[in-house]
Visitor: 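Sending over a structure as structure tokens; questions will come in a sec.
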Amino acid sequence: MSHAMDLLLIGGIMLLALGAHTLGQRLHVPRVTLLLVGALAGPEVLDLMPANFSDGFRLVTELTLAMVGFLLGERMSFRDLRQGREALIVSLTVTLVTALLIFLAVWLVTRNIPASLLLAAIATATDPAATLDVMRQTGSRGPLTRVVAQVVAIDDAWGAILFSILLVVAERLAGNGANLIETLGYGLYEVAGALVLGVVLGLPMAWLTGRLKPGEPMLLEAAGFVFVAAGIAGALEVSYLLTCMTLGVVVANRARHHVRPFRSIEGIIEPFLATFFFLAGYGLDWELLPTLGILGVVYVIARIAGRVLGGYAGGVLAGSESLVRKRNGACLLPQAGVAMGLALVATDRLPELTFILPLIIASTVLFELFGPPITMYQLSRAGETGKGYEEAVDEDE
């Protein structure tokens, strides 16, 4: 049977992704506009795709998130964490405060504990690329820039860990008659099993990394270990996201040339991300958007409050200067790929929670539109993009 149409569609998605990326650079619109393109091409709007077009979406999601998880592991280098004590405290505090506020806000609106837990974890994810793009565009330098750059480098990792734990709890609570002991036992198996599997596969991968030259052998090694890890995790019914992240942590801390496998995966992930974003938008249920109503508004407000309050509390705990305490949280609003991936996993595991995916798609587009300008404003007010830093400090005191 010919796959000409499949090849045409895949090639078209890649070119659309290129167009979205180019448009984003020139007009400063978010690269997640590919979500909107996919949504418009979906069956509820223009209906441009064949009926079975999204049949392989689950495989694309798992492949993409396996690579994303592995890349997140690189950010958990113990050497970097020790050197970035201030950012470590701020990132953990922002993650926990945001999760707590989102949980309480969503529960008050929905009275649905599993949905509240999942949205609490998803809300902690950010978009490091958008934040770092703003810093590069403005040439930002200073303590706020340094702390925010370090925080966005690791907070997605905290979010992924929290999501892996809360997903297990949410699944057991949504099940029929699962008692506390059974819930804790299954949760321990899924999380601990993922950690153990990641370490077991990560040690030989780390040993092999220093013995291969860069290029094709390194790419084959990196992709092979990542996909095998995800496959075994699925077979054992443990978290493949956490498994691949642990794999990355082990390689980042044990491999002699730990950078090489991460650069290899970064070199092949873009086509998967493009397909992932397009298909995520394609699967959007437009009829659910108007029903989000108060939940959508409450979610957005609670996430903003969580970022700002968490940033301030984290700055206080870390002993950050006044300027950093007041402004770091507002720089952490952009949200993109990791949040989308977590939402898709949540929807796949708990399909009855139909409102999670459209809520995250809508809020992701919103935070990607307004988050970077807010980050730019905060950096400017801190005096790290133009006027003198000392002047900004005097204003904030």
Side-chain angles (χ1 to χ4, degrees), residues 20-33 68 71-72 74-77 80-81 83-95 98 124-159 259 262-263 266 270 273 303-304 307-308 310-312 314-315 318 320-339 364 366-393 395-396:
H21 179 75
T22 304
L23 191 67
Q25 287 184 320
R26 296 194 175 186
L27 301 181
H28 304 293
V29 296
R31 279 168 280 190
V32 293
T33 46
V68 168
L71 293 176
L72 287 177
E74 183 187 13
R75 304 176 187 178
M76 304 298 286
S77 166
D80 294 340
L81 292 178
Q83 293 174 351
R85 173 188 169 276
E86 181 182 3
L88 180 64
I89 294 173
V90 170
S91 65
L92 275 171
T93 307
V94 170
T95 296
T98 300
T124 63
T126 55
D127 181 10
T131 305
L132 296 176
D133 280 349
V134 170
M135 293 176 179
R136 279 192 292 267
Q137 290 168 11
T138 57
S140 300
R141 294 289 185 277
L144 177 61
T145 300
R146 173 181 55 80
V147 170
V148 171
Q150 291 174 335
V151 168
V152 297
I154 58 175
D155 64 350
D156 276 351
W158 299 131
V259 172
F262 296 107
R263 300 298 82 80
E266 284 181 346
E270 281 302 324
L273 284 172
R303 185 171 184 271
I304 293 173
R307 303 271 98 178
V308 174
Y312 187 86
S320 303
E321 56 188 272
S322 174
L323 182 146
V324 174
R325 289 200 303 267
K326 292 178 180 179
R327 302 191 182 279
N328 80 82
C331 295
L332 305 174
L333 293 178
Q335 188 174 45
V338 173
T364 292
L366 184 69
F367 283 122
E368 280 291 273
L369 283 171
F370 295 102
I374 292 174
T375 299
M376 186 179 297
Y377 172 78
Q378 294 297 329
L379 293 173
S380 175
R381 291 289 297 164
E384 299 187 8
T385 60
K387 64 180 180 177
Y389 168 64
E390 293 79 6
E391 181 182 345
V393 172
E395 288 181 6
D396 269 43

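Given the structure is predicted, the values throughout are model-derived calculations rather than measurements.
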Visitor: Please tell me if the side chains of Thr126 and Phe367 come closer than 4.5 Å, counting only heavy atoms from C-beta onward.
Guide: no

Visitor: Would a 4.5 Å heavy-atom cut-off, applied to side chains only, mark Val148 and Met135 as touching?
Guide: yes

Visitor: Which pair of heavy atoms, one from Pro334 and one from Gly371, lies closest together, and at what distance?
Guide: CG-C, 3.8 Å

Visitor: Please report the closest heavy-atom contact between Ala87 and Ile154, naming both atoms and the distance.
Guide: O-CD1, 4.3 Å

Visitor: So which heavy atom on Val94 is nearest to which on Gly310, and how close?
Guide: CG2-C, 3.5 Å

Visitor: Checking Thr98 side chain against Thr95 main chain: does a donor-acceptor pair fall under 3.5 Å?
Guide: no

Visitor: How many angstroms lie between CD in Gln335 and OG1 in Thr131, if you round to the nearest 0.5 Å?
Guide: 11.0 Å

Visitor: Determine the minimum heavy-atom distance between Phe262 and Leu71, stating which atoms define it.
Guide: O-CD2, 3.5 Å

Visitor: Can you confirm whether Arg325 sits close enough to Ser322 that some side-chain heavy atom of one is under 4.5 Å from a side-chain heavy atom of the other?
Guide: yes

Visitor: With sequence neighbours excluded, what pairs up with Arg146 under the salt bridge (charged side-chain N to carboxylate O under 4.0 Å, His left out) test?
Guide: Glu86

Visitor: How would you list all residue pairs meeting salt bridge (Lys or Arg N to Asp or Glu O under 4.0 Å) that involve residues 150-159, not counting sequence neighbours?
Guide: Arg75-Asp156, Asp155-Arg307

Visitor: Would the distance check show the side chain of Glu384 and the main-chain N or O of Leu379 forming a donor-acceptor pair, the cut-off being under 3.5 Å?
Guide: no

Visitor: For residues Val90 and Asn328, determine if any side-chain heavy atom of one lies less than 4.5 Å from a side-chain heavy atom of the other.
Guide: yes

Visitor: Which heavy-atom pair separates Ala382 from Leu144 by the least distance, and what is that distance?
Guide: CB-CD2, 3.6 Å

Visitor: Working to the nearest 0.5 Å, report the span between CH2 of Trp158 and OG1 of Thr93.
Guide: 11.0 Å

Visitor: Grab the two heavy atoms, one from Ala330 and one from Leu333, that are nearest each other, plus how far apart they are.
Guide: O-CG, 3.6 Å

